[in-house]
Each structure stands twice: as structure tokens, then as C-alpha cells.
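Computed from a predicted structure; not experimentally measured. Convention: sequence-line order gives letters A, B, ...; per-chain numbering from 1.
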Amino acid sequence: MKKITAIIKPHKLDEVRCALSEINVTGMTVTEVKGFGRQKGHLELYRGAEYTVEFVLKTKIEIVVESQNVDSVIDTIVNTARTHKIGDGKIFVAPVEQTVRIRTGEQGEDAI
Amino acid sequence: MRYLLTILALLPSISLANTQDTGDTAWILTSTALVLFMTLPGLCFFYAGLVRSKNVLSVLMQCFSIACVASLIWLIAGYSLAFGEGNGFIGDFSKAFLNGVTKDSLSGTLPEPLFFMFQMTFAIITPALIVGGFAERMKFSSVLLFCSAWLVLVYLPVCHWVWGGGWLAEMGMLDFAGGTVVHITAGVAALVAALVIKNRNGYGTASMIPHNLTMTMGGAGMLWVGWFGFNGGSAVAANGDAAMAMLVTHISAATGALTWMVIEWIKYGKPSVLGVVTGMVAGLGTITPASGYVGPAAALIIGLLAGIICFYCTNLIKQKWKIDDSLDVFPVHGVGGILGTFLAGIFCSTELGIFSGYGFGGDNSSIAEQLQVQLIGIGATFAYTAVVSFILLKIVGLITKGIRVERDEEIQGLDITSHEERGYNL
């Protein structure tokens, strides 16, 4: 099992969610987050005064999937969240040792 | 017999001037409410949205408290010193505490208590405008002390010079609704205050983004509506003068807003909400002194110039001079007031074709003569306000042991450190 953490542009969330549902991803956790990458925030102009907004608003999606599905999930996220403009985000993949469904007590891949 | 007929012929006009006109009274009652609406809640929201969330209450508190203090000063002696006979420089104390004024007293065709109230709303908004110059860093005690003393020593004399029969009125200076009395005085005081109190911590490096532009947009809308009372009410009658003043006010506001928007669009690639509302305020402030003397075509030119000149002055003061007039009071109100007072001297002329106005003031008979008077008024008001404001700020600083809050208090925000409250508990 792997955990895929994707940081994407907030307005891409609905599109990514729909695309993931189509490849049978059954659940995800979404968080509104702030951060910056290589772009180092962005500039906003107020009456001619430039302010650097260092932490840009992003959406974090966390999904746990069976290991063999990782590539298709990554491809789906990349294809739907990509705008070709700076700030499209990042995807991180990490191993998951155990999953438990609290209601039934099921464990491992059955609990995903 | 001939003399008797002449006297009889004059009687209707004499009795008219000494009789209350219910139409005029109704309109000025409305205008009074509209002008107070500009400060409470218009200016309050306009300013509150422009500061950071940690200072939202402090700005609201300052505007609100100034409204209360200014009202009492106006009652105690303000009205009398501004509109009492006195001399060319200042009125007298004959109507202190509205001595001798009853509900039956008249000022022209209005009940005098109403004229008192209408003018009071101008005395409220003027010091409240200055708050934008020192927002986010002045002690609350200093704010109250400075604004009270400033109202007495700057606003009242200038009001008397221009509207109370003072020396500028004698010269025929044109300031219909307060370009000089309100906007130049407030703008210059804000600039001087910004220079004396110095820039906010982190100005130019830290992010000082307006915390709620929705609030600012709402406040700006209230200002626009309230301005109809400000300028339309300054006709002090329900007549064509009021209607035309309202019309030119609207045209100038719309033109100023669109001008600022287009400049931003060209220069920065995107038109901004803050830009469009700032252009609107610039258009309103600039037409104010001219609003009773010019026609709609001139209002278009005035709004256009307001948008262009106030935009570049804002950038000049912020980017080149690095002066932290926090909410841009001087470049928008001060420059707008100066520009409008100057342009009133041109577009009041009856000889400019479609751009003509309604004639010169006093004994002036040409644009050159009128402009000379306008420039004397602008220069005198600018210099007097700057000097007195500077001295007052220094004295207030001594009394309150430092005009500015401590650095830590400023970083933490004035809502908590000055008022022990938060604007938002979400």
C-alpha cells in the first residue's frame, strides 16, 4: 500500500476528484493548505504597492491505494491538475504499513 | 408712491428669504443623514477593509469616536466659531452651545438646528478622513487629542475663511462642498501625520495587504451614495443647483473610477477592485469644490483628470517618496481637493461652450482672476494646515508621552493592545 500526497491548485480539485473516481479510487482526504515552491509565492498589487504573498493557497489530497495502482493514480492527477503554468503542484508517494477500517476492523488492502 | 410700490414689490422676496421652506428643509434633513452615512458606516468600512485584520477594530473605533467628539465640539463652540460673525479669520462665541437658537430659528430657508446638523456632519468626516494617514500605529489617546485640537485649530478657521464669510469668501473663492475645507485640510494633515509618526514597521518589506476588500467595496458604495448629500445638499436648497450638483458628482465619480481602472489595466495587465473604487473616491473628491459651478461635460473632464493625476500621485508618494500615508489620504483626497479647487476656477467660466459653468465668484470676471483666488485659497489652506498640524502632532506627542504605540504593540495589532478586543473570532 502507498500513500499518495498531491499538492494541487485549489480550482483543479473537482476535476481531479472526478477523474480519480473514474479509475475507482474510493476515498481521499482533502485539506486546504498554504505553502510555496520554487516560485517563492506571488506578487499582488494594491494601489500600485507590490506585496509578495509568500504562502500561496493550495489544496492537499491524500489517497491510500494498492501499490499496483500508484502509477495510474499519479498519471490521472498529473493529467488533470496540469495547467502548464508555474505552481501546478507536486506529488509525493510514501509507503503505508497498515490500514484499518474502524467500523468493521478490516485490515490491509481490504480496508482501503 | 413710487417708493411705496418698490417696497411692496420687494416684499414677497423678503418674506420668502425669512420663511422656512419645507422642500428645502426636507432635502437638507435627507442630506444630513446622507453625509453622516458617509462616515458611519461608509468611511468606517472603507478604511476597515484596507487595514490588516489585527487593526480592523482600531480604525473603526477611531472613526466612530471622532464622530462623537466632533459632534460635541461642534455644539460647544465649533458651529459658532465657524459660522459666527467674528472677523475674517475666525467666527465668535455668540452661538456657543447654540445660544439663542430654537426650533423656530432660521438660517436662510432652513431651521437653524438643521443647518447646524448639516454642517456638523462635515466637521465629523474631515478629521475622520485623517485616520487613514496614521492608521495601524497611533495611540488611541493621541488620535482623540490630535483630532479634537485639529478640528478647533484647523477645520474651524478654514471653514470660516471659505464658508463663514471669512477672507477667502470675501475674495470670491469657489468651494461648493468642501474641496478646500474638507479634502485639502484632511489630505495635508494626513500627509504631515504620516511624516511625523513615520512609516509602519516593515513598510516596504512586510506584506500589508488590505484584509477585506469586500468591506472596502461596500464602504466605497456607501461613500458614493452619501456624496449626493455632501454635494447635492451643499446647495442648501431643494432646487436645480442641488440637482445639477448631484448630477455632476455622479458623472465625475463614474469617470474617475473608469479612468483608474483603465490605467491599471494598461499598466499592470489587470483592472483591480481597489483601483476602481479608489478612482471613484478621487472623482468624488475632485468634483466636490466644483460641483455647484460646473456642468456635466466639465464633470467628465474633471473625473478624467482626477483618475489620472490621483493615480500617479499615489504611485509617486508610495513608490518614489516611500511615505507611508497608510490609506492614501493625501494622494486621493488632498490632491483631488487641490485639483478640483483649481479646475473649479476654470470650468465655472460661462464662455467654454459645452464645458461652461455658471460664472465666477465675487467680483472676479475672468478665468485668470478666478484662478488667482483659487490658488491663494489652495496655498493658504495647504500651508496653514501643514504648519498647525505639525505643531499639534508634536504637542500631542509630548502630552501622551509618544504619539506612537510601542513596536511590540504595533506588531501584535492595535485591536488587542489598544482595545482588548478582536475583530474576528472565527
Item checked: Donor-acceptor pair, side chain of B/Gln319 and main chain of A/Gly48, under 3.5 angstrom -> yes

Check: With no hydrogens and no angle check, do the side chains of B/Thr278 and A/Arg47 hold a donor and an acceptor under 3.5 Å apart?
Finding: yes

Check: Got more than 12 heavy atoms from elsewhere within 6.0 Å of CZ, B/Arg422?
Finding: no

Note to self: Rounded to the nearest 0.5 Å, what separates atom CG in A/Leu45 from atom NZ in B/Lys270?
What the structure shows: 10.0 Å

Notebook entry, point to check: Hey, what do you get for NZ (B/Lys318) to CD (A/Glu50), rounding to the nearest 0.5 Å?
Noted result: 12.0 Å

Margin query: Return the CZ to OG distance between A/Phe55 and B/Ser207, rounded to the nearest 0.5 Å.
Written below: 11.0 Å

Margin query: Can you tell me if A/Leu43 has over 12 outside heavy atoms packed within less than 6.0 Å of its CG?
Written below: yes

Note to self: Looking at A/Glu66, I want to see if its CD is surrounded by more than 12 non-hydrogen atoms of other residues, nucleotides or ligands under 6.0 Å.
What the structure shows: yes

Checklist line | Atom NZ of A/Lys9: over 12 foreign heavy atoms under 6.0 Å | finding: yes

Next item on the list: Can you measure from OH (A/Tyr51) to CD1 (B/Ile209) and round to the nearest 0.5 angstrom?
Entry: 7.5 Å

Notebook entry, point to check: When heavy-atom pairs shorter than 4.5 Å are enumerated against chain A, which of B/Thr314, B/Asn315, B/Leu213, B/Asp328 gives the highest number?
Noted result: B/Asp328

Check: More than 12 non-hydrogen atoms from neighbouring residues, nucleotides or ligands closer than 6.0 Å to CD on A/Glu32, yes or no?
Finding: no

